Amino acid sequence: MATKRIATVTLPSLILIAAGCSPSSDITQSSSSISDYHGSASITQGRATTIEPNLFECKNGRSRVAGVGEIADSEGKIWTVPAKNHFTTATKAVDLYEECANITPQGLADVDETNIPTAVIDEDAEVITGYIFADNYFELYINGKLIATDTVPFTPFNASIVKFKVNKPYTIAVKVVDWEENLGLGTENNRGKGFHPGDGGFIASFSDGTVTGQDWQAQTYYTSPIYDLSCLSEIDGKRLSESCTTEGTDAGEDAYAAHWETPSTWMKQNFDSTSWPQATLYSEDEIGVKNKKAYMNFIEKFSGAGASFIWSTNVVLDNEVLLRYQVK
Ligand SMILES: [Ca+2]
Ligand SMILES: [Ca+2]
Ligand SMILES: [Ca+2]
């Protein structure tokens, strides 16, 4: 009886191989295994276990499911994807534009900026106002203190306003996350593909003249999907994936992901980020914001204020990025 069952199972694969349909022609088939990888990342493969099905319900309109997952690497270490976050516990930023909450002003003239709560770091300091747009999610720290998180972790695209009192010099640190539907796989259902790698992007300006730009630092801590680990490289602190494919696929369940442990003090003023790369700049067209009212209605506070979209070296594959900037 056992013999009979084995014969039934193996027959289809024999037919596939005979017909030249071996899965090795698929881009999801890697040419290098985890044991061949010698970089500084920890590698996982496949889908994470969902630990939070959805952080956000859109009360008005549609949003992508913003779940959180966990996945173990080959040494048993557990990684949280797309990123550990404080969405459910921290103070939220005030919405400039947020469709799910029916906050859809045409521009700043329609926004009451007087009643924004002010986070106090230094009592005697001036109030600084910040305008923020993230694809998809941000957590903002000033001098190591968590000031606010984004109100929408994934979609729809929204924009935020924050106020804080701090004396110069001060340190801005931001965790930004390109969220994902397929947890651990770095992908979402988009553009006709079940496993399309989404992209990130972050832009902000502050009333003291501070803007996002090339003089910020940006380091990735989670890069996926990776279908061939030999495309990953590291040079001078840069965690590079420029030769990895950014194509979508309908067969992305076996994707690899590269994880690096976030330092516990990465947001503190005295954290040594000298090994981090400078931020990479991206255009509005590359981020795809020209059809997004959450961005365009406040463009005077974004590119109009001299700010640039920033991210780490790969705005598609790097999904959890830490940013730092010192205001002098
Ligand atoms: Ca958001
Ligand atoms: Ca991505
Ligand atoms: Ca995205």
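In what follows, residues are counted from 1 in the order of the sequence shown. This structure is a prediction, so every number in the text was calculated from the model and none was measured. As the structure lists them, so they are numbered: ligands from 1, and atoms in each ligand from 1.
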Got a sec: is G198 within less than 3.0 Å of the Ca ion (ligand 2) via an N/O/S atom?
yes
Looking at K165 and E126, does any basic side-chain N land under 4.0 Å from a carboxylate oxygen?
no
Is it true that N182 and E180 share a donor-acceptor pair across their side chains at a distance under 3.5 Å?
no
From the Ca ion (ligand 1) out to just under 3.0 Å, does an N/O/S atom of N136 turn up?
yes
If I take every N, O or S atom of N158, is at least one of them less than 3.0 Å from the Ca ion (ligand 1)?
yes
K84 bridged to E320 by N-O distance under 4.0 Å:
no
Let me check your reading of the structure: within less than 3.0 Å of the Ca ion (ligand 2), is there an N/O/S atom from N319?
yes
Name of the D150 N, O or S atom nearest the Ca ion (ligand 1)?
OD2
Mind checking whether the Ca ion (ligand 1) has an N, O or S of V152 under 3.0 Å?
yes
Are L322 and Y221 side-chain neighbours, meaning at least one heavy-atom pair lies under 4.5 Å?
yes
What is the name of the N/O/S atom in D199 that sits closest to the Ca ion (ligand 3)?
O
Within the stated cut-off of 3.0 Å, is an N/O/S atom of P197 closer than that to the Ca ion (ligand 2)?
no
Less than 4.0 Å between a side-chain N and a carboxylate O, is that true for R239 and E234?
no
The Ca ion (ligand 2) contact by D178, N, O or S atom under 3.0 Å:
yes
What's the atom name of the N, O or S in D135 nearest to the Ca ion (ligand 3)?
OD1
Checking the side chain of Q217 only, and the main-chain atoms of R324 only, is there a donor and an acceptor separated by less than 3.5 Å?
no
Between F302 and F133, is there a side-chain heavy-atom distance shorter than 4.5 Å?
yes
